[in-house]
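Inspection log for the structure reproduced underneath, given as C-alpha cells.
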Amino acid sequence: MTCATPPVTRSPPIRARPAPRPGTWIAAVVVGLLTLALVYFLITNPVFEWDTVATYILDVKVVQGVGWTLLLTLLSMVLGTVVALTAAIMRRSDNPVLRAVSWGYIFVFRGIPVYTQLVFWGLFTVIVPKIAVGVPFGPELFSFSTRDLVTAFWAAVIGLGLNEGAYLAEIIRSGLNSVDRGQAEAARALGMSEAKILRRIIMPQAMRVIVPPLGNETIGMLKTTSLVLAVPFTLDLTFATNAIANKLFTPIPLLIVAALGYLAITSVLMVGQHYLEKYFGRGFDDRTPARHGGRGARQAAVNRAGTTPNDPLPEVEL
C-alpha cells in the first residue's frame, strides 16, 4: 500500500514593503546640510590658508618628519610587543617572583604619564652617566658612557616601547587566556614542549583576539610620537611642522599639514589592520568566507553530488 502526500499548493511570494520612517530621512537631511555647511566653512575661511598648506604638504622637512615618525612607531611597537609578550608569559607563570615582577612593571609604566617617562629617558644620560661591567665589589672590567649609546632617538624608542609594552602585556595575556586550556593539555600529552605549544598551538589562535587591539595601539603609538619633544627628539612630523610655522608665523596651516600627514599614515595602517583581522579571523567571522573547506563549502559539495532528495517530504511506502 502506497500513501502519497497530497500536492502542496504554493502561495505567491509576499512582497513586503518596509514601514516608512520619516524621522530617518529628516535626520539625514539635517546631517547632510550640516556637513555641507562645514565643508563650505573650511573652504572659504581665509585663516586656513590652503595655498600655504598645498605649498608645504610635500616639503622636504615634512616628508622627512613623516619618515622619522614611521620609524619611531615601528621600532617602538616592535620593542613594546617583545616586552609585552615576555611580561604576559611571566604573568601566567607559576613562579610568584616572575608574576610579581611582571605585575610591578605593568603597574609602574601604566600609572606614570608617557610624557613624564619620556622626560626621564631624556635625562637618562644624566642619571646614569656610565655603565660599568665588572666583578661585584671588585675590579671593573670595562665601562662605556651612556651618551655614546643612548641618543635622543633611542631614548625616544625605549621610552615609547616600554610604555607601550605595559598596555600590550594585558592585551596579549587576555588573548592567551582566550585559548581553551584543553588544547595545551592535549599538546602536552603528545609530547610537545611548552615553547612549541605556545608557538604552534596557542599563539595562532590567540592572534584573533590580539590583532584588533594591537592595531589600535599601533595607531595610538603613531600619534603618541608627537610627544618625543620631551626627550628631546626634534625630527618627527609635529616638530617639523612647528618649526616651519614659527618661521612663517602661520601656525594654523602647518597644523593642517601635520594633521593631513597623520591622517594619511593612519589610513594606511587601518587598511593593514583590516587585512590582518580578516586573515586571523578566518573560520570565526561569519562575514569572512572560508577559502578552503568550511561548512558552506561542504554543503555546496553535497548539493552538487545529488545524493540528497530535493523534495523534503518524499513519498512513504507502507
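All values below were derived from every heavy atom in this structure, side-chain atoms included, with hydrogens, water molecules and symmetry-related copies excluded.
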Residues Ala206 and Gly175: closest non-hydrogen pair is CB-O, 3.2 Å
Between the CD1 atom in Ile106 and the OG atom in Ser102, the distance rounded to the nearest 0.5 Å is 4.0 Å
Is it true that atom OH of Tyr56 has more than 12 heavy atoms of other residues, nucleotides or ligands lying nearer than 6.0 Å?
-> no
Plane angle bin for Phe107 and Trp103 - parallel if under 30°, tilted between 30 and 60°, otherwise perpendicular = parallel
Is there side-chain contact between Met221 and Leu72, with at least one heavy-atom pair below 4.5 Å?
-> no
So do the side chains of Val62 and Ile57 get within less than 4.5 Å of each other, counting heavy atoms only?
-> no
Would you say Leu254 and Asn242 make side-chain contact, with heavy atoms under 4.5 Å?
-> no
Between Arg110 and Asn163, do the side chains contain an N or O donor and an N or O acceptor separated by less than 3.5 Å?
-> no
Gln205 side chain to Ile201 main-chain N or O, any donor-acceptor pair under 3.5 Å?
-> yes
Spacing of Leu79 atom CG and Trp154 atom CH2 [to the nearest 0.5 Å] | 9.5 Å
Asp59 side, atom CG; Thr241 side, atom OG1 - distance, nearest 0.5 Å = 10.5 Å
Does the ring center of Phe109 lie less than 6.0 Å from the ring center of Tyr105?
-> yes
Side-chain contact, heavy-atom cut-off 4.5 Å: Phe153 with Leu75?
-> yes
With side chains defined as the heavy atoms from C-beta onward, is the minimum distance between Ile127 and Thr146 less than 4.5 Å?
-> no
Look up atom CG in Leu227 and atom CD in Gln117, then write down how far apart they are to the nearest 0.5 Å.
-> 11.0 Å
From CZ (Phe233) to OG1 (Thr238), nearest 0.5 Å | 12.0 Å
Is atom CZ of Arg200 surrounded by more than 12 heavy atoms (other residues, nucleotides or ligands) closer than 6.0 Å?
-> no
Would you check if the side chain of Ser174 reaches a backbone N or O of Ile171 as a donor-acceptor pair within less than 3.5 Å?
-> yes
Can you list every pair that meets salt bridge (Lys or Arg N to Asp or Glu O under 4.0 Å) and has a residue in residues 143-166, with sequence neighbours left out?
-> none
Is there side-chain contact between Ile197 and Arg199, with heavy atoms separated by less than 4.5 Å?
-> no
Counting only N and O atoms by type, is there a donor-acceptor contact under 3.5 Å from the side chain of Thr69 to the main-chain atoms of Leu237?
-> yes
Would Glu277 and Arg208 pass as an ion pair if we require N to O under 4.0 Å?
-> no
Judged by atom type as modelled, is there a donor-acceptor pair below 3.5 Å linking the side chain of Ser93 to the main-chain atoms of Arg99?
-> no
Any salt bridge (Lys or Arg N to Asp or Glu O under 4.0 Å) pairs touching residues 170-179, not counting sequence neighbours?
-> Arg91-Glu170, Glu170-Arg173
Main-chain N/O of Ile112 paired with Thr116 side-chain donor or acceptor, under 3.5 Å | no
Say you draw a straight line from CG of Leu74 to OG1 of Thr225; how long is it, rounded to the nearest 0.5 Å?
-> 12.0 Å
Donor-acceptor contact below 3.5 Å, side chain Trp50 vs main chain Leu42 | yes
Please tell me if the side chains of Trp68 and Phe239 come closer than 4.5 Å, counting only heavy atoms from C-beta onward.
-> no
